[in-house]
Amino acid sequence: MARTHISGFPRIGAHRELKFAQESFWRGESDDAYLRGVGKELRARHWQLQRDAKLDFVTVGDFAWYDPMLNLSALLGALPSRFGFDPSNLSLAQYHELARGNKAQPAMEMTKWFDTNYHYLVPELDSETTFNGGVDWFFDEIDEALALDFAVKPVLIGPITYLWLSKSRVAGFDRLSLLPKLVIRYLRMLDTLKKRGIEWVQLDEPALCVDLEDDWIEAFSAVYNVLGDAGVKVLLATYFDTAAAHAPAVAKLPVHGVHIDLVKAPQQLEAWRSALGADKVLSVGVIDGRNIWRADLGEIVSSLESLHAERGERLWVAPSCSLVHVPVTLASEKRLDAELKSWLAFATEKLDEISTIALALRDPAAAEPALAAADSALDTRRASSGVFNVLVQRRVAAITDAMACRKSPFADRSRVQRHSLKLPLLPTTTIGSFPQTPAIRQARAAYRRGELRALEYLERMRAETATVVRKQEELGLDVLVHGEVERNDMVEFFADKLWGCALTENGWVQNYGSQCVKPPIIYGDIYRPEPMIVDAAGHAQSLTDRLIKGVLTGPVTMLEWSFVRDDQPRATTALQLALVIRDEVVDLEKAGIRIIQIDEPAFREGLPLHKADWSEYLDWATRAFRIAAGGVSDATQIHTHMCYSEFNDILPSIAALDADVITIETSRSSMELLDGFGEFAYPNGIGPGVYDTHSARVPSVDAMQRLLERACEVIPAERLWVNPDCGLKTRGWPETEAALTNMVSAAKTLRQKLAAQRTEASRIASVACRHAARSGAAR
Ligand code: GLN
Ligand code: ZN
């Protein structure tokens, strides 16, 4: 009999209970006990859902106050020493200070969890790190679940993945040197589990799904040779891509089972099936943990029948990865179109899908009604996609290579633009958004609730825009923006205006900490019924003589930050998005907007985990961007914006986007990032961010000027722009005005300095010329 389990359940709660409890705790409006109570309630509720769905195990250890990697650091007692906290006595308040920083220390670094949009807190390790102290929350939670009589399968991130994702502040430090200590600690933890009567523990090692260096692969085998024998059965969990290359080695280890992701990498099944002895558990991740479509249960069941005959209860059925990447439940969606809703499964509904598969394998007749329901939903979905927008599909089919190219090469365009835009050297600009004040948020909420009429709302937004434009003029910025006042979220805002996309009411997914996003659902062909921001940008332009830069979200980012239909290649959906953005860009140009920024902050995150798959992605992603940008004349300047700090390995593709200007995040790496651009001889305009907009700190004129001078050493001043790292949406006005005042003044000072240097240089040159001419004449 196949068994059923999950890797993890969303912890935030169907109504973001955890978020609100955390935020009130941070504000000091509630205490430890209250926050702990909310956590306990959520865990019990989520375990109960797993039991209600008749899963064989409930998963414990997937809960975290802020982030599971941080919880693991807290459990191991491996805290950054700079905070000076006592690891065995860590309070909830201190735990959150690690995540958010405090007066004395900046927060621990946060970065993306593999190729997802979830962010984890990067462990900070050094040679002094020990794994001895730590909090007991993990074990307390297990006791909690045992007390409630659940069949508990604890889950922990494995030691290899933990180390691989960590960093050291000491250059050249070999993290693997910590492995022996770490393994001893894991052994102790497994022993504690054994004493509690735990049969199975899941150790997550998604690091096996990336291109791992040899020393890490060797370390991996050594570790699991030890951990596999600790007296608790180990289920080694891989996900996000194939781990097939490791199947032969893993089969020889004393681990008792392996979980594999068959949604992302179905082709790996055969490798595991033949390598892994029939006495071992094979857990198949057949339900998509990262997307929200109802699965084709009938097909999954038939694909598993022979495997089930082979392995019986040693076949486990599960989602591909943790369900934290999907919303909690469809039950909270009251306004979603009924037919679309019938095509979907969020985390709670996926639990039922899992148990239906197991039931169908065991007792096909009993599963019949559930399978039939799934089937009919799929039938309507297939039938509808047949009649979607023929118009859109024809346009995609008619895309030509010429559409992916600007009319002239950058050198020619930039000459035309210099002539027509008449910008000073080192032009100053911002990334798009300005502070979203309480007044703006309130107006938006009132409009959503139907308390503000459309026209009243529009008037308020226009008034806000007018304020933002005036402030930018006063600050002396060269290229202004309309401030994105009407945008709640840069993806949701556009998805709301496009056909083929749907928004949920409560489809929240944790992005990091208490921060959640509501990814739109791209369910059909994308059509733009009318212009999206032309009115707002045109209005802003009518208020000022300076140039307004129109800002919109690019096709790759729209795709990456949405739940995307799975019935056609992502590349095709990207092209559909590219076409509507292209139309918008052309309409903006027609409306007199001469600088247009197409944001692609998610461009890098679409990269596959295995380098071998990169070029395919980069090809279609680059093409999508170029099509979005390619409809305008040479005189229109196209910008793009990206905000992360790893560009070096994809610089050729960044250059291939052929944006006239790219603005990037660089201030936190004090411009080091730019060296890569310099070495690669990045050909186009570039605006390296001169200050970090993620913090309220106001950098001095001097500090920014120094950064700019560094930038000038790498990139010719003619191609340099001056701007912050990212948008200013989450900032307040006082620090925004102060920082931008300093930024503008840094740019002006440097501009004068450069002008003076140039006058001096040309004076010397002309003296030299005269001299040469004279001596030439004398000869
Ligand atoms: N234009 C967006 C803004 O300024 C860009 C946001 C982003 O890069 N994440 O808010
Ligand atoms: Zn950004």
Side-chain angles (χ1 to χ4, degrees), residues 401-418 426-427 429 431 549 553-557 559-560 571 574-575 578 581-582 585 595-608 611 613-632 634 636-666 669 671-689 710-723 725-726:
D401 286 347
M403 286 169 72
C405 291
R406 299 289 298 273
K407 315 258 164 339
S408 314
F410 173 74
D412 298 341
R413 298 194 311 261
S414 90
R415 211 170 309 120
V416 177
Q417 290 164 17
R418 204 170 313 130
L426 305 173
T429 190
I431 305 305
K549 168 171 77 171
T553 305
V556 183
T557 299
L559 194 75
E560 284 302 318
L575 287 179
I581 295 160
R582 178 186 175 95
V585 169
I595 303 184
I596 299 164
Q597 174 174 305
I598 306 174
D599 286 333
E600 285 291 20
F603 190 82
R604 187 173 212 289
E605 117 193 5
L607 278 178
K611 261 206 163 127
D613 304 326
W614 279 22
S615 67
E616 195 222 53
Y617 162 77
L618 289 169
D619 282 354
W620 64 252
T622 307
R623 184 168 165 88
F625 181 91
R626 291 175 61 113
I627 288 167
V632 290
D634 285 350
T636 297
Q637 190 169 66
I638 297 287
H639 290 215
T640 187
H641 164 71
M642 298 181 183
C643 42
Y644 35 79
S645 39
E646 290 166 90
F647 282 97
N648 289 358
D649 46 5
I650 55 165
L651 272 173
S653 303
I654 302 290
L657 297 177
D658 197 26
D660 295 304
V661 179
I662 181 172
T663 55
I664 53 172
E665 171 186 320
T666 31
S669 68
M671 296 281 157
E672 260 163 42
L673 177 68
L674 266 193
D675 295 342
F677 280 81
E679 274 158 38
F680 173 78
Y682 181 79
N684 299 10
I686 177 164
R710 265 220 67 193
C712 282
E713 289 165 13
V714 186
I715 310 280
E718 278 65 32
R719 286 197 274 116
L720 265 185
W721 282 65
V722 181
N723 47 265
D725 267 348
C726 193

>> For a 4.5 angstrom cut-off between non-hydrogen side-chain atoms, does I662 reach N684?
In response: no
>> Please check this pair: side chain of T622 against backbone of L657, looking for a donor-acceptor N/O pair closer than 3.5 Å.
In response: no
>> Distance alone, cut at 3.5 Å: any donor-acceptor contact between the side chains of T663 and N723?
In response: no
>> Could you walk me through whether L607 and L618 satisfy the side chain to side chain contact (heavy atoms under 4.5 Å, CB included) test, starting with their C-alpha distance in whole Å, then the side-chain angles of each, then the deciding distance to 0.1 Å, before giving a yes or no?
In response: CA-CA 8 Å; L607 278 178; L618 289 169; 3.9 Å; yes
> Which pair of non-hydrogen atoms, one from H639 and one from K549, has the smallest distance, and what is that distance?
Replying inline: ND1-CD, 4.0 Å
> Is the backbone N or O of I431 less than 3.5 Å from a side-chain atom of Q597, with the two atoms forming a donor-acceptor pair by type?
Replying inline: yes
>> Is there a side chain to side chain contact (heavy atoms under 4.5 Å, CB included) between F603 and T640? Walk through the geometry before answering.
In response: CA-CA 11 Å; F603 190 82; T640 187; over 6 Å; no
>> Given 3.5 Å as the limit, does a donor-acceptor pair link the side chain of E600 with the main chain of T557, or not?
In response: yes
>> Contact between L720 and C712 at the side-chain level, heavy atoms closer than 4.5 Å - yes or no?
In response: yes
> Could you go step by step and tell me if W614 and D649 meet the side chain to side chain contact (heavy atoms under 4.5 Å, CB included) rule?
Replying inline: CA-CA 10 Å; W614 279 22; D649 46 5; 3.3 Å; yes
> Does anything in residues 711-721 pair up under side-chain hydrogen bond (donor to acceptor under 3.5 Å, both in side chains), and if so which pairs, sequence neighbours excluded?
Replying inline: E718-R758
> Which heavy atom in D725 sits nearest to a heavy atom in H641, and how many Å separate them?
Replying inline: O-CE1, 3.1 Å
>> Determine whether a donor-acceptor pair (N or O, by modelled atom type, separation under 3.5 Å) exists between the side chain of E665 and the backbone of M642.
In response: no
>> Show the nearest heavy-atom pair for residues A602 and Y617, with the distance to one decimal.
In response: O-OH, 4.3 Å
> So, do I581 and V585 sit near enough that their side-chain heavy atoms are less than 4.5 Å apart?
Replying inline: yes
>> Could you walk me through whether F647 and L674 satisfy the side chain to side chain contact (heavy atoms under 4.5 Å, CB included) test, starting with their C-alpha distance in whole Å, then the side-chain angles of each, then the deciding distance to 0.1 Å, before giving a yes or no?
In response: CA-CA 9 Å; F647 282 97; L674 266 193; over 6 Å; no
> Do I638 and I598 touch side chain to side chain, with heavy atoms closer than 4.5 Å?
Replying inline: yes
> Short question: side chain of D660, backbone of Q637 - any donor-acceptor pair under 3.5 Å?
Replying inline: no
>> Testing the basics here: between Y682 and A655, what is the closest heavy-atom pair and its distance to 0.1 Å?
In response: CE1-CA, 3.7 Å
> Just wondering, do V632 and R406 contact through their side chains at under 4.5 Å, heavy atoms?
Replying inline: yes
> Thinking salt bridges, do R626 and D401 make one under a 4.0 Å N-O criterion?
Replying inline: no
> For the residue pair D658 and F410, what are the closest heavy atoms and their distance?
Replying inline: OD1-CB, 4.1 Å
> Which atom names give the shortest non-hydrogen contact between A578 and A624, and what distance separates them?
Replying inline: CB-O, 3.3 Å
